[in-house]
Amino acid sequence: MKDDKEFLDSLLQDYFAECDEHLLSIKKNLIALEDYLDKEVINEEIINELFRSFHTIKGLSAMVGILQAEKLSHQLESYLKLLRTGKKSFKEEDLLLLRDGVKLLEEVILCKKENKEIPDIEEALSKLKVLTTHDETPKEFKEEVEKKKEERVYKIVFILLKNYLKKV
């Protein structure tokens with residue numbers, strides 16, 4: 001019994017580490033994706049990397065039984081599938097919904113890691129489904145997006161590397 005618990009604990013630790021790597025990649029690629037807002041052609045490599053990261057998080061989350069993370073990843077992955085096949089255009093409201101989805105996905109995974117209550121994802125899922133079911137963003141979401149644009153805050157983080165400090 002102890003071995004099973006140790007195995008599950010180890011599996012979860014590997015899950016969290018893997019998710020951290022993929023979430024970092026997702027954030028980096030979302031920043032890069034901003035350059036393609038309202039453009040006819042989007043860098044396929046960025047879309048493919050995002051898709052792979054969400055696909056991996058979806059599969060890993062299913063494997064460890066974190067269904068909220070699985071559902072969010074699936075919905076985000078579904079949008080990217082439409083984007084990379086050209087069935088959907090990429091607008092600013094889409095980017096904001098993607099970012100919100102990623103933020104919630106991160107929160108779900110962190111809550112599981114810290115043994116806290118996992119937040120409700122249903123409202124976010126219905127917003128994300130808009131990305132895959134409508135050609136145009138519904139009016140109520142556009143208004144919410146406009147409000148978020150006004151509230152947008154940028155955070156800059158500086159990291160000093162030990163090796164650099166030694167040279168100075």
Side-chain angles (χ1 to χ4, degrees), residues 15-16 18-62 66-114 116-159:
Y15 166 79
F16 296 132
E18 190 78 19
C19 285
D20 284 346
E21 286 180 33
H22 284 286
L23 287 166
L24 185 62
S25 173
I26 287 168
K27 289 178 196 176
K28 178 190 79 153
N29 283 305
L30 283 179
I31 290 169
L33 201 58
E34 284 182 30
D35 292 339
Y36 297 94
L37 284 171
D38 298 315
K39 300 250 170 91
E40 291 281 328
V41 179
I42 299 174
N43 183 317
E44 194 174 318
E45 187 177 316
I46 294 171
I47 298 298
N48 288 337
E49 281 187 43
L50 283 165
F51 186 87
R52 278 191 298 274
S53 289
F54 285 122
H55 186 76
T56 301
I57 291 174
K58 179 182 77 170
L60 291 171
S61 297
I66 305 175
L67 300 180
Q68 297 90 336
E70 178 190 4
K71 287 179 181 180
L72 283 168
S73 297
H74 175 73
Q75 200 60 50
L76 292 159
E77 177 189 51
S78 295
Y79 169 70
L80 291 168
K81 190 181 296 183
L82 292 174
L83 197 59
R84 80 176 177 182
T85 58
K87 294 179 180 174
K88 186 84 174 156
S89 59
F90 185 57
K91 298 178 172 44
E92 188 164 4
E93 50 265 23
D94 298 344
L95 178 63
L96 291 173
L97 287 171
L98 279 172
R99 282 185 180 155
D100 286 349
V102 170
K103 184 178 176 184
L104 184 58
L105 177 61
E106 218 173 5
E107 187 178 345
V108 165
I109 293 167
L110 184 62
C111 284
K112 181 66 178 178
K113 184 177 186 177
E114 295 177 349
K116 294 181 179 176
E117 184 177 342
I118 293 177
D120 181 41
I121 63 165
E122 292 309 314
E123 182 181 343
L125 279 178
S126 61
K127 287 179 183 178
L128 289 169
K129 284 180 184 173
V130 167
L131 292 175
T132 58
T133 57
H134 297 289
D135 289 331
E136 289 296 318
T137 307
K139 184 181 178 190
E140 67 269 14
F141 291 125
K142 282 188 178 185
E143 290 169 358
E144 187 177 330
V145 165
E146 287 303 316
K147 184 179 176 189
K148 284 187 180 190
K149 285 182 196 177
E150 293 170 10
E151 296 173 350
R152 195 178 300 171
V153 176
Y154 293 92
K155 180 170 90 174
I156 300 173
V157 178
F158 294 95
I159 300 172

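These numbers were taken from a predicted model, which means no experiment stands behind them. Sequential numbering from 1 along the given sequence is applied to the chain's residues.
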*Asks:* Nearest 0.5 Å please: distance from the CD atom of Glu49 over to the CG atom of Leu30.
*Replies:*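 Between Glu49 CD and Leu30 CG, I get 11.5 Å after rounding to 0.5 Å.
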*Asks:* Checking Gln68 now: which residues fulfil side-chain contact (heavy atoms from CB on, under 4.5 Å) with it, not counting sequence neighbours?
*Replies:*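 Partners of Gln68 under the side-chain contact (heavy atoms from CB on, under 4.5 Å) test: Ile66, Val108, Ile118, Ile121.
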*Asks:* Given Glu93 and Val130, is the side chain to side chain contact (heavy atoms under 4.5 Å, CB included) satisfied, shown in steps?
*Replies:* CA-CA 11 Å; Glu93 50 265 23; Val130 167; over 6 Å; no
*Asks:* Is any NZ, NE, NH1 or NH2 atom of the basic residue among Lys103 and Glu107 found under 4.0 Å from an Asp or Glu carboxylate oxygen of the other?
*Replies:*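 No, no charged N to carboxylate O under 4.0 Å.
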*Asks:* Restricting to non-hydrogen atoms, name the atom on Leu33 and the atom on Phe90 that form the minimum distance, rounded to 0.1 Å.
*Replies:*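 It is O-CE2, 3.4 Å.
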*Asks:* Which residue, Thr133, Thr132, Leu83, forms the side-chain contact (heavy atoms from CB on, under 4.5 Å) with Ser78?
*Replies:*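 Option passing the side-chain contact (heavy atoms from CB on, under 4.5 Å) with Ser78: Thr132.
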*Asks:* Can you tell me how far apart NZ (Lys113) and CD (Glu106) are? Round to the nearest 0.5 Å.
*Replies:*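 The CD atom of Glu106 is 11.0 Å from NZ of Lys113, to the nearest 0.5 Å.
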*Asks:* Would you give the length of the straight line joining atom CG of Leu37 to atom NZ of Lys91, rounded to the nearest 0.5 angstrom?
*Replies:*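 Taking CG in Leu37 and NZ in Lys91, the distance rounds to 10.5 Å.
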*Asks:* Can you sort out the partners of Leu67 under side-chain contact (heavy atoms from CB on, under 4.5 Å), two or more places apart, ordered by chain and number?
*Replies:*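 Listed in chain order: Glu70.
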*Asks:* Is there a side-chain contact between Leu105 and Ile109 (heavy atoms, below 4.5 Å)?
*Replies:*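 Yes, their side chains come closer than 4.5 Å.
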*Asks:* When rounded to the nearest 0.5 angstrom, what distance separates CG in Leu72 from CG in Leu104?
*Replies:*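 Atom-to-atom, Leu72:CG and Leu104:CG are 5.0 Å apart.
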*Asks:* State the CD-CG distance between Glu123 and Leu128, to the nearest 0.5 angstrom.
*Replies:*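 Result: 10.5 Å between the selected atoms.
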*Asks:* Please report the interatomic distance NZ(Lys112) to SG(Cys19), rounded to the nearest 0.5 Å.
*Replies:*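 It comes to 12.5 Å.
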*Asks:* Who are the side-chain contact (heavy atoms from CB on, under 4.5 Å) partners of His22, not counting sequence neighbours?
*Replies:*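 Only Glu18, Ser53, Thr56, Ile57 meet the side-chain contact (heavy atoms from CB on, under 4.5 Å) criterion with His22.
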*Asks:* Under the side chain to side chain contact (heavy atoms under 4.5 Å, CB included) criterion, do Leu50 and Leu98 qualify, and how do the steps go?
*Replies:* CA-CA 11 Å; Leu50 283 165; Leu98 279 172; over 6 Å; no
*Asks:* Only distances under 3.5 Å count here; give the side-chain donor-acceptor pairs of residues 40-47 to other protein atoms, sequence neighbours excluded, each with its distance to 0.1 Å.
*Replies:*
residue : atom : partner : partner atom : Å
Asn43   : OD1  : Glu45   : N            : 2.8
Asn43   : OD1  : Ile46   : N            : 3.2

*Asks:* Would a 4.5 Å heavy-atom cut-off, applied to side chains only, mark Lys28 and Leu24 as touching?
*Replies:*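 No, side chains not in contact.
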*Asks:* State which residues pass salt bridge (Lys or Arg N to Asp or Glu O under 4.0 Å) with Lys39; sequence neighbours excluded, sorted by chain then number.
*Replies:*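 Partners of Lys39 under the salt bridge (Lys or Arg N to Asp or Glu O under 4.0 Å) test: none.
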*Asks:* Which residues pass the side-chain contact (heavy atoms from CB on, under 4.5 Å) test with Glu77, sequence neighbours left out?
*Replies:*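 side-chain contact (heavy atoms from CB on, under 4.5 Å) check on Glu77 returns Phe51, Phe54, His55, Lys58, His74.
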